[in-house]
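Structure first, commentary second.
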Amino acid sequence: VVYCRPPPKLANPRDFQEIEFLRGEPTAVEVLSARFLIDPKQELRDYLFNLPGWPLCSGKLRGALARAEVTNVQYFPVEIFTAAGKSVSSDYSVANFLGRVKCLDWVKSVYDGTAREDGHATHIDKLVLDATNLRGQKLVRMEENATILLVSHGVRRQLEAAGVTGIRFTDTEKFQV
């Protein structure tokens with residue numbers, strides 16, 4: 001796990017609570033700088049899980065997404081350091097993936113039955129997508145569960161060909177959350 005230490009420097013420090021990268025909306029918060037702390041023994045992957053849960057993407061991952069013509073993303077450059085203050089990498093950015101699409105097939109999917117009342121499915125045992133709203137989409141968040149990023153087969157092939165690390169692709173038939 002990578003930690004954000006100290007908190008990011010923002011144009012307006014009160015904006016910290018407004019930074020939410022699961023909404024799928026552009027953020028107007030101006031991130032002036034952010035430093036992430038990493039254990040020097042940890043392998044730097046192209047996609048890094050971190051606290052506070054901001055998607056960290058390497059230059060290699062950003063390049064692969066650009067080649068796949070994924071344009072619905074905002075990037076905020078960050079630096080990664082060790083606890084001793086040694087710079088490990090300045091090649092990473094926080095990614096804000098834009099766009100949320102309603103695409104869960106509520107009839108064919110299997111999920112926690114209480115979820116449908118508010119339109120969100122947090123526990124999905126069987127994921128079936130309604131492709132109607134996904135046509136032409138390359139990378140989007142599910143409206144019904146914003147922690148899930150959906151990518152087209154073309155984007156998946158591009159990321160796999162680039163050898164991007166830290167991402168696990170799961171076919172919808174095998175997906176559970």
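Residue pairs satisfying the side-chain hydrogen bond (donor to acceptor under 3.5 Å, both in side chains) criterion with at least one member in residues 150-167, sequence neighbours excluded, are listed as follows: Asp46-Thr165, Arg156-Glu160, Arg156-Asp171. Applying the salt bridge (Lys or Arg N to Asp or Glu O under 4.0 Å) test to residues at least two apart or on different chains, none of the pairs has a partner in residues 73-87. Applying the salt bridge (Lys or Arg N to Asp or Glu O under 4.0 Å) rule to pairs touching residues 143-154 yields Arg100-Glu143, sequence neighbours excluded.
Residues Val101 and Leu98 fall into different hydrophobic clusters, defined by Ile, Leu, Val, Met, Phe, Trp and Tyr side chains chained together at heavy-atom separations under 4.5 Å. Cluster membership check: Trp106 shares its hydrophobic cluster with Val140, using side-chain heavy-atom separations under 4.5 Å among Ile, Leu, Val, Met, Phe, Trp and Tyr. In this structure, Tyr75 is a member of the same hydrophobic cluster as Val155, with clusters built from ILVMFWY side-chain heavy atoms closer than 4.5 Å. Both Phe76 and Val88 belong to a common hydrophobic cluster when Ile, Leu, Val, Met, Phe, Trp and Tyr are linked at side-chain heavy-atom distances under 4.5 angstrom. Cluster annotation: Phe169 is connected to Val164 through the hydrophobic network of ILVMFWY side chains, with a link wherever side-chain heavy atoms come within less than 4.5 Å.
Looking only at distances, a side-chain donor or acceptor of Ser109 sits under 3.5 Å from a matching main-chain atom of Val128. Judged by distance alone, with hydrogens and angles left aside, the side-chain atoms of Tyr111 form no donor-acceptor pair with the main-chain N or O of His120 at under 3.5 Å. Counting only distance, with no hydrogens or angles, the side chain of Arg45 and the backbone of Ile167 share no donor-acceptor pair below 3.5 Å. With hydrogens and angles disregarded, no donor-acceptor distance shorter than 3.5 Å links the side chain of Asn133 to the backbone of Cys103. Under a 3.5 Å cut-off, the side chain of Asp91 and the backbone N or O of Ser58 do not form any donor-acceptor pair.
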task: Kindly determine whether Val94 and Asn96 satisfy side-chain contact (heavy atoms from CB on, under 4.5 Å), including the steps that lead there.
output: CA-CA 7 Å; Val94 173; Asn96 183 18; 5.9 Å; no
Apply the test side-chain contact (heavy atoms from CB on, under 4.5 Å) to residues Val70 and Val151: give CA-CA distance (whole Å), side-chain angles for both, the deciding distance (0.1 Å), then the verdict. CA-CA 10 Å; Val70 172; Val151 298; over 6 Å; no
- [ ] Take Lys126 and Asp105 through the salt bridge (Lys or Arg N to Asp or Glu O under 4.0 Å) test and state the conclusion after the steps.
- [x] CA-CA 10 Å; Lys126 179 182 176 190; Asp105 185 323; over 6 Å; no
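The closest side-chain heavy-atom distance from Leu139 to Val73 is not below 4.5 Å.
Nearest heavy atom pair, residue Ala146 against residue Arg141, reads O-NH1, 2.7 Å. Across Leu65 and Phe97, no two heavy atoms sit closer than the pair CD1-CE2, 4.1 Å. Here the shortest heavy-atom pairing between Ser93 and Pro77 reads OG-CA, 3.6 Å.
Going from atom CG of Leu37 over to atom OG1 of Thr82 covers 7.5 Å, rounded to the nearest 0.5 Å. How far OG1 of Thr170 is from CD1 of Ile148: 10.0 Å, rounded to the nearest 0.5 Å. Separating the NZ atom in Lys108 from the CG atom in Leu129 is a distance of 11.0 Å, to the nearest 0.5 Å. Note that CD1 of Ile38 is 4.0 Å distant from CG of Leu44, once rounded to the nearest 0.5 Å. The CG atom of Leu159 sits 12.0 Å away from the OH atom of Tyr47 when rounded to the nearest 0.5 Å.
Residues meeting the side chain to side chain donor-acceptor pair (under 3.5 Å) test with Lys138, sequence neighbours left out: Glu69. By the side chain to side chain donor-acceptor pair (under 3.5 Å) test, Arg67 pairs with no residue at all, sequence neighbours left out. Under the rule for a side chain to side chain donor-acceptor pair (under 3.5 Å), the partners of Thr132 that lie at least two apart in sequence or sit in another chain are Asp130.
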